[in-house]
Amino acid sequence: MKNYIKSIQLKNWFNFLGDYSENNFEFEPGFNVIVAANDVGKTKLHNAFRWILENKVILRKEDYQDDEAAYEAVSLNEKNIVKILNNKSYNAASVNETIRLGVKVHYVENSNQSKERILIKEIQIRKEPDGLKILTELKSVKKVERGNVLSTSELFEDWVKKIIPKNLRSFFLVQGETLDTMTPLKGDNLKRTLTKFVDINVLDKFLKTSNYASNKIETLRQDYEKKDNQGQEKLEQKIQEKTELENDIKRLEDEIEQYYELKEDALKKKSKWEKSFLKSKENRKLKNKLDNYEQKIENKNSKIEENYFRLKENYILNEFYFSKVFNINTQKEKLENSINFFKDIMSKRRSEIQINLDDHIQSMLYTLEKSQPKPEILERMIDEGKCYVCSHNLDNESKDYMKNILIPYFKGQLENQDDKFLDLYDEVHSLLNDFRYHQNRYETPNFNPFDRVIERINEAETAKESIEEEKEQFIEENGDSNVKTNDELSISTYENASRDLEKYETHIKNISGELEIKKNKLNELKNLRTEDGEELKESKNTLKAKRLEEFSSDLRNILVSIIDKEYNEFKNQLEESANKNFKKLTVTNKNLNAQSVKVDYKLAFKNQPDFEVKIVDQFGNNMSDGGGAAQTLRQLALVFGLIDMVDRVRHPFIADAPTSNMTANLAFTFYEKQLNSSPNQNIVMTKEFWDDQKNDLNSKGNELLDNIKDNQNSTFHIMTADKKIALDQPDLKIDEL
Amino acid sequence: MNIDILIKEHSLYIDKEDEEFINKFSSTTGTKFPKGKLGNYLGSWFEGYIYTLLIGIITGERRYEGFQDKQQKMRSWNSATLEQYKYCISLVLSKPDIIGEIGLNKREEVDKYIELTNENESVTIIILNKLKDICDQFSLGGVDFIKRYEEQDPEIFDDPFALKTIFESALENKID
């Protein structure tokens with residue numbers, strides 16, 4: 001037979017409104033499951049057990065940071081009591097009215113003969129205008145004999161210890177949300193928890209006592225030596241020196257011890273950050289390399305762009321298009337033709353200047369213009385009356401023509417007076433000439449810059465492609481850079497820890513050196529002699545003290561080796577026991593089942609044991625960082641491993657949402673295992689079997705319910721919220737099936 | 001009279017209805033487009049205008065009706081494309097019928113210029129303006145040529161050398 005909780009009753013406890021009889025949960029000695037949706041009251045019920053057993057409740061922190069736990073176990077006080085007291089009771093009470101809240105646990109102990117006790121814990125509160133005041137806390141024990149409830153003088157605390165002893169509470173009273181903080185898997189917390197179970201705790205204490213004794217013996221010996229040397233005044237100085245040296249050594253040893261501790265911390269920090277540091281460093285390296293590729297690609301892009309730009313800017317618009325348009329010589333000719341058209345008209349017009357002259361004369365003048373006859377010669381021809389060209393005599397008509405038309409014309413005296421016409425001619429002619437001149441600007445026939453530039457562009461494109469390929473391959477082999485903001489943090493934290501470590505090691509080295517020197521000096525002084533060479537006499541007491549000193553040192557060494565052995569043995573047992581549970585818990589999951597629990601142990605600084613519980617795969621790789629279900633399984637395997645190892649009494653196991661991180665299958669396996677093979681009473685609250693959408697049990701829940709129905713030692717509870725007041729603090733409807 | 005200064009007075013216009021199409025191969029902002037676009041893209045409408053004008057001149061394609069929706073892009077001509085613009089005008093002038101069109105091959109027409117000069121208008125400005133209008137018509141003709149090309153080859157502007165290809169096609173259709 002085992003010990004078990006027969007029932008728990010609640011009064012005005014969180015959302016459990018009303019007196020004890022209205023909030024009564026009955027349990028059987030076997031497996032008891034309470035299924036409820038979120039916020040219905042699982043944790044609140046769990047808190048009732050915790051309050052009775054540990055005088056604490058688990059509450060959500062008011063303003064927790066992302067990186068810390070959201071829940072913490074706290075004692076009740078006037079500040080938080082308002083969260084625990086039922087809201088409706090609080091609202092219904094008038095100012096100065098006294099309200100009670102409390103928990104009753106009915107416990108059955110089956111040792112030699114069955115004992116039944118009811119443990120009652122209540123708080124009396126007074127409602128005040130500005131909050132609640134705790135008046136008294138009442139604890140009492142009642143015994144139940146043959147169905148009668150009787151008073152007893154037994155102590156409440158004694159019975160609490162019997163339900164679940166203090167050192168086992170981390171494992172018998174668990175809560176899913178806080179599982180990892182309450183049942184730690186490494187570090188000082190785990191060590192503290194584990195050492196509670198190991199008998200060598202006594203050895204530890206013994207070791208401490210032995211250290212203490214050694215120190216005492218040393219002081220004693222120094223005192224004796226001092227006494228021995230009384231009267232040997234000449235040696236006093238040396239003795240003084242020796243004592244000083246010994247004190248120095250002690251001080252240095254203390255100092256070095258402190259540095260060892262600091263070193264240990266730095267080491268821990270370093271190893272904690274090592275993984276992320278290496279990853280971050282890899283990331284940084286990777287990023288640099290990828291940046292390098294990016295830079296190279298960027299360079300090629302610039303080159304391509306530059307060539308395209310050059311193509312357009314320097315060749316296309318300025319040279320190429322124009323050079324391709326028309327043959328430059330034909331073009332010049334054409335423009336010349338256009339200009340000549342204009343010139344012809346102008347010449348014609350110009351010859352029309354002398355409107356009173358007939359066409360024939362005008363034509364003659366225009367023709368003569370090319371030979372430019374000089375007016376002075378024409379004048380001489382008139383004077384002589386003879387034509388110099390044909391040597392005939394000139395008649396008067398001819399003389400008049402020469403005098404009135406030819407000579408003034410070539411003297412410029414007959415020029416056209418129509419300035420506007422001349423201006424127009426000059427202006428248009430100059431405009432056309434300007435364009436004619438301008439045509440020479442693009443005298444580069446068949447200029448083609450394309451081949452050269454395209455070749456350059458293609459070269460750059462090819463180079464760029466090969467860099468991109470190289471980059472792709474690099475990413476395939478090394479992964480893309482995934483630089484997180486905390487990369488710098490992990491690098492600096494790790495580097496700082498490394499620097500600190502180096503610093504402490506230097507200190508330790510320096511102090512060790514100093515210590516060695518001092519110890520050597522001390523050795524030299526060990527056999528003090530008088531100036532005459534006479535050996536210093538040591539009293540019997542001093543000799544005894546010295547022998548004691550040797551003994552205590554030997555004793556310490558022996559103790560350490562025994563402690564080491566004991567811890568090792570404990571570690572092996574724990575590993576085996578946790579593994580057994582882990583295998584059972586993961587029977588439905590092939591992957592997880594192939595892994596196993598490993599307990600690491602070493603005797604660290606100052607002979608303190610250091611434990612770590614890990615999960616490793618079949619090749620021994622550490623899989624503990626998986627989190628989620630694996631993490632919870634590791635916790636539970638440890639919890640049940642320990643329970644199996646240390647619990648001979650069979651205490652009740654009370655858990656709130658222990659499977660909250662697991663898949664439905666894994667959770668179901670856990671409950672089936674507990675139902676069928678747990679030697680302890682189990683009271684487990686869970687939501688895994690509740691379907692929120694259907695507002696009913698899910699298929700796994702129904703399956704478990706069917707199994708429980710066949711088992712007389714078990715119960716199945718469903719808690720649902722009354723929808724009318726569910727938005728506030730829901731009252732309960734409890735169906736026992 | 002400095003002809004360059006007079007030509008620089010010319011405004012740059014665009015046919016608003018063509019602008020969306022023109023944007024496939026040229027900026028129409030009138031100023032320099034930031035470096036970064038590749039060779040198949042002309043950085044300003046000045047460059048685009050010269051390009052279409054050349055195509056119009058080569059192929060003889062000319063939109064006589066002029067702009068459908070005329071919009072000024074720049075008030076005056078920019079120095080960067082002045083040389084090319086002048087060269088284009090000289091090409092226009094080389095066309096045999098143009099001298100006639102601007103009225104420099106008939107006495108009566110020239111007389112009209114003299115009349116205009118009597119009203120204190122500069123003949124150079126008048127001729128240059130006429131040439132400018134003709135250039136606009138050739139440029140619009142060039143745009144029409146490119147539009148037709150794109151109808152036949154809708155993906156032409158995906159090719160980085162589209163402008164070269166189109167230009168070479170225009171050269172194949174060259175008229176003397």
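Just so you know, these numbers come straight off a predicted model, no measurement behind them. A, B, ... follow the sequence lines: proteins, then strands. Residue 1 opens every chain.
Annotation: side chain of B/Thr124 is not in contact with side chain of A/Val428 (no heavy-atom distance under 4.5 Å).
If you take CD1 on B/Ile127 and CG on A/Leu431, they are separated by 5.5 Å, rounding to the nearest 0.5 Å. Of the inter-residue distances, the one linking B/Ile99 atom CD1 with A/Asn337 atom CG reads 10.5 Å to the nearest 0.5 angstrom.
Residue pairs meeting the salt bridge (charged side-chain N to carboxylate O under 4.0 Å, His left out) criterion with at least one partner in residues 50-59 of chain B, sequence neighbours excluded, are absent.
Counting heavy atoms of neighbouring residues, nucleotides and ligands inside a 6.0 Å radius, atom CD of B/Gln72 exceeds 12 of them. Remark: B/Glu65 CD is packed, more than 12 non-hydrogen atoms of other residues, nucleotides or ligands lying under 6.0 Å away. With a 6.0 Å radius and a threshold of 12 heavy atoms from other residues, nucleotides or ligands, A/Lys374 has its NZ atom at or below the threshold. The number of heavy-atom neighbours closer than 6.0 Å to NZ of B/Lys147, taken from other residues, nucleotides and ligands shown, is above 12.
Heavy-atom pairs under 4.5 Å with chain A were tallied for B/Ile55, B/Ile98, B/Val123; the largest tally goes to B/Val123.
Only the side chain of B/Ile7 has a heavy atom closer than 4.5 Å to any heavy atom of chain A. Both the backbone and the side chain of B/Leu104 come within contact range of chain A, with heavy atoms under 4.5 Å apart.
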